[in-house]
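As structure tokens, the structure follows; a few thoughts come after it.
Below, read A as the first sequence line, B as the second, and so on, with proteins coming before strands; counting in each chain starts at 1. These numbers come from a predicted model, not from an experiment.
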Amino acid sequence: MRYLKRFPLVPTRVTKFLAIIYHPNPKVQLHTHLKPPKANQTLKSYLNSNCNTKALLFFRDLLRKSPSTIDSFSFLFVLKASTQKHYAIGGKQLHALVIKFGFNSIVYLQTSLINMYSARGSLLDAHHVFDEIPCKNIVCWTALISASVDNQKPKKALQLFRQMQMDNVEPDNVAITVALSACADIGALGMGEWIHTYVHHKKGLDIDLSLNNALINMYVKCGNIVNGRRIFDSMEKKDVTTWTSMIVGHALHGQAEEALKLFAEMRGKDKKIWKKKRNGDRGSSLIVPNDVTFIGVLMACSHAGMVEEGKQHFKSMSEDYGLKPRESHFGCMVDLFCRAGLLKEAYNFILEMPLQPNAVVWRTFLGACCLKGNIELAAEVRCRLLELDPGHAGDYVAMSNIYAAKGMWDKKIVVRGQIKQRKAPGCSSIEVGTGISEFVAADEDHPLRPEIYVVLKHLLINMKASGYLPELSSLTEY
DNA sequence: ATAGGGTTAG
């Protein structure tokens, strides 16, 4: 224990870390259980029982007392432990050690390093490791693609996915699953469809549950709910994610009834379906909803104005399923009240929340105040927002719009003038061919995501109001 | 023995 105190777990500098290696305490004898195979087994068992800190401490002891027992396998376990723990500096030190031990050309370790950097949000470092890999196989490609998705670079992920194929590396089910989630993120329906076709034509591809779930998610996020549902209905084996993806899909499309029907079916409460299931495949309806499922359910209620139903599900979530509502669940409830125009209910709900309401919650409420024209509440909420997120230009705009709507021009001008930085212009992106373009456009083959229709509708209404658009007839199809 | 995977409020 004395060593733990003398040398902190995460040394602030590499030199300090190297000092640890070069100064093993001579008094400490090597324990017999630290022989090579045993040491790795210990690391592995710590990892399996989720004791990441213990694994790291143990590894540090190994470094100090018996560095010779460390082999490339040890690093795999330690890298995994440090990835899950998010130690700020430990990652680079481990990378340095991998190099120092001469293990830097082992592809397994390089892939682990990509993951480690990705988990720390250092996509550039991950890419750097990737570039150094001489023979890039499907697993390291997937690791980098996955890193791009995890770090909000879905466009880059898809570029890598294509580049990988140009390098004659065939995608497998894991790579395809990750690529599909990138498609879902940017609404790249064409690319998603291409992958779907590929999946059906490639021989020997293992179309497993995750891949099917990713396909459903891609279709519903890209606006093609029909195809999403088609896959859902055709799947014999479904897990909680399958159901949740479909429920969220219907909720996003404003199909609340369908979403809630699925939820009921999933719980096996729908007697008719229960019977049907009983005759056929028993057990397939025994799926327990998780916290994400409830996000979908609450979203559906919110979008359909079903306040009472939403309240019941929110209650049932913790009472019947023992799921603790998270920030987003409270956010859904606030949204539910706000969309229904129940300002008082929303306000009381926010004040009684066991969590600190965040800027998004107050912003939702501010939006409702605007719609209802409640200047007093809006002004109060804006004060809170100024504390939580002072740089958000949209809040100033919302507030100034309330004053404008009430004809309070002097106040409006004051609020408008408080904006320090120009608001970033809103933008949408839409896929053209298999690339992504930064403008709004649509045709039969490339329908827009549902939320873009909402933006388009507002755009068209504004254009009409400004006299740019002679007819509103084109709106009907939306 | 060893590396990569899906669902999450506005």
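- Here A:Asp206 lies out of heavy-atom contact (under 4.0 Å) with every strand.
- The base of B:dA3 does not come close enough to the side chain of A:Asn115 for any donor and acceptor atom to sit less than 3.5 Å apart.
- The side chain of A:Cys332 lies closest to B:dA9 when the candidates are B:dT7, B:dA9, B:dG4.
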Show which side-chain atoms of residues 365-372 of chain A pair as donor or acceptor with protein atoms under 3.5 Å away, not counting sequence neighbours.
none

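- Heavy atoms of A:Asp208 sit under 4.0 angstrom from at least one base atom.
- Here A:His392 lies out of heavy-atom contact (under 4.0 Å) with every strand.
- Set against B:dG4, B:dA9, B:dT7, the side chain of A:Thr241 has B:dT7 as its closest nucleotide.
- In the set B:dA1, B:dT7, B:dA9, B:dT7 carries the atom at the smallest distance from any side-chain atom of A:Asn217.
- Contact annotation: A:Lys238 does not reach the phosphate of B:dT7 (side-chain N/O to OP1 or OP2, under 4.0 Å).
- At the heavy-atom level, A:Asp291 lies nowhere under 4.0 Å from the strands shown.
- Note: CG (A:Leu252) to C1' (B:dT7) measures 11 Å, nearest angstrom.
- Looking at residues 138-146 of chain A, you'll see A:Ile138, A:Val139, A:Thr142, A:Ser146 sit with a heavy atom under 4.0 Å from some atom of DNA chain B.
- No contact: A:Lys44 has no heavy atom under 4.0 Å from any strand.
- Contacts of A:Val178 with the nucleic acid, taken as non-hydrogen atoms under 4.0 Å apart, involve only primed sugar atoms and P, OP1 or OP2.
- In this entry the distance linking CG of A:Leu160 with P of B:dG5 reads 15 Å, nearest Å.
- If you check B:dT7, B:dA9, B:dG4 against the side chain of A:Asn358, the one that comes closest is B:dA9.
- Comment: A:Arg326 engages A:Asp291 in a salt bridge, judged by a side-chain N to carboxylate O separation of less than 4.0 angstrom.
- The CE atom of A:Met246 sits 13 Å away from the P atom of B:dT8 (whole-angstrom rounding).
- Comparing B:dG5, B:dA9, B:dA1 by their closest approach to the side chain of A:Ser210 singles out B:dG5.
- When each of B:dG4, B:dG5, B:dT7 is scored by its nearest atom to the side-chain atoms of A:Thr244, the top-ranked nucleotide is B:dT7.
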Ignoring hydrogens and angles, write down the donor-acceptor pairs under 3.5 Å from the side chains of residues 107-119 of chain A, residues two or more places apart or on other chains.
residue: A:Gln110; atom: NE2; partner: A:Asn104; partner atom: O; Å: 2.9
residue: A:Thr111; atom: OG1; partner: A:Val107; partner atom: O; Å: 2.7
residue: A:Tyr117; atom: OH; partner: A:His95; partner atom: ND1; Å: 2.7
residue: A:Ser118; atom: OG; partner: A:Asn151; partner atom: ND2; Å: 3.4

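- Whole-Å rounding puts the A:Leu47 CG to B:dA3 P distance at 9 Å.
- Listed nucleotides: B:dG5, B:dA9, B:dT7. Nearest to the side chain of A:Val174: B:dG5.
- Between A:Leu336 atom CG and B:dA9 atom C1' there is a gap of 11 Å when expressed in whole angstrom units.
- Distance, A:Leu79 CG to B:dA3 P: 11 Å, rounded to whole Å.
- Salt-bridge formation is detected for the pair A:Arg363/A:Asp395: a Lys NZ or Arg NE/NH1/NH2 atom is positioned less than 4.0 Å from an Asp or Glu carboxylate oxygen.
- The side chain of A:Ala175 sits closest to B:dG4 out of B:dA1, B:dA9, B:dG4.
- The six-membered or imidazole ring of A:Phe130 lies near that of A:Trp141, with a centre-to-centre distance under 6.0 Å.
- Side chain of A:Phe73, nearest nucleotide from B:dA1, B:dA3, B:dA9: B:dA1.
- Under 3.5 Å, the side chain of A:Thr111 and the base of B:dA3 form at least one donor-acceptor pair of N or O atoms.
- Set against B:dT7, B:dT2, B:dG5, the side chain of A:Leu211 has B:dG5 as its closest nucleotide.
- Between A:Tyr347 and A:Phe337, the distance from one ring center to the other does not fall under 6.0 angstrom.
- A ring-centre distance under 6.0 Å is not found for A:Phe232 and A:Tyr219.
- At a threshold of 4.0 Å, the pair A:Lys92-A:Asp125 counts as salt-bridged, since one of the basic side-chain nitrogens sits closer than that to a carboxylate oxygen.
- At whole-Å resolution of the value, CD1 in A:Ile287 and C1' in B:dT7 are 13 Å apart.
- A salt bridge links A:Arg384 with A:Glu380; the closest basic N to acidic carboxylate O contact falls under 4.0 Å.
- Whole-Å rounding puts the A:Phe365 CZ to B:dA9 C1' distance at 17 Å.
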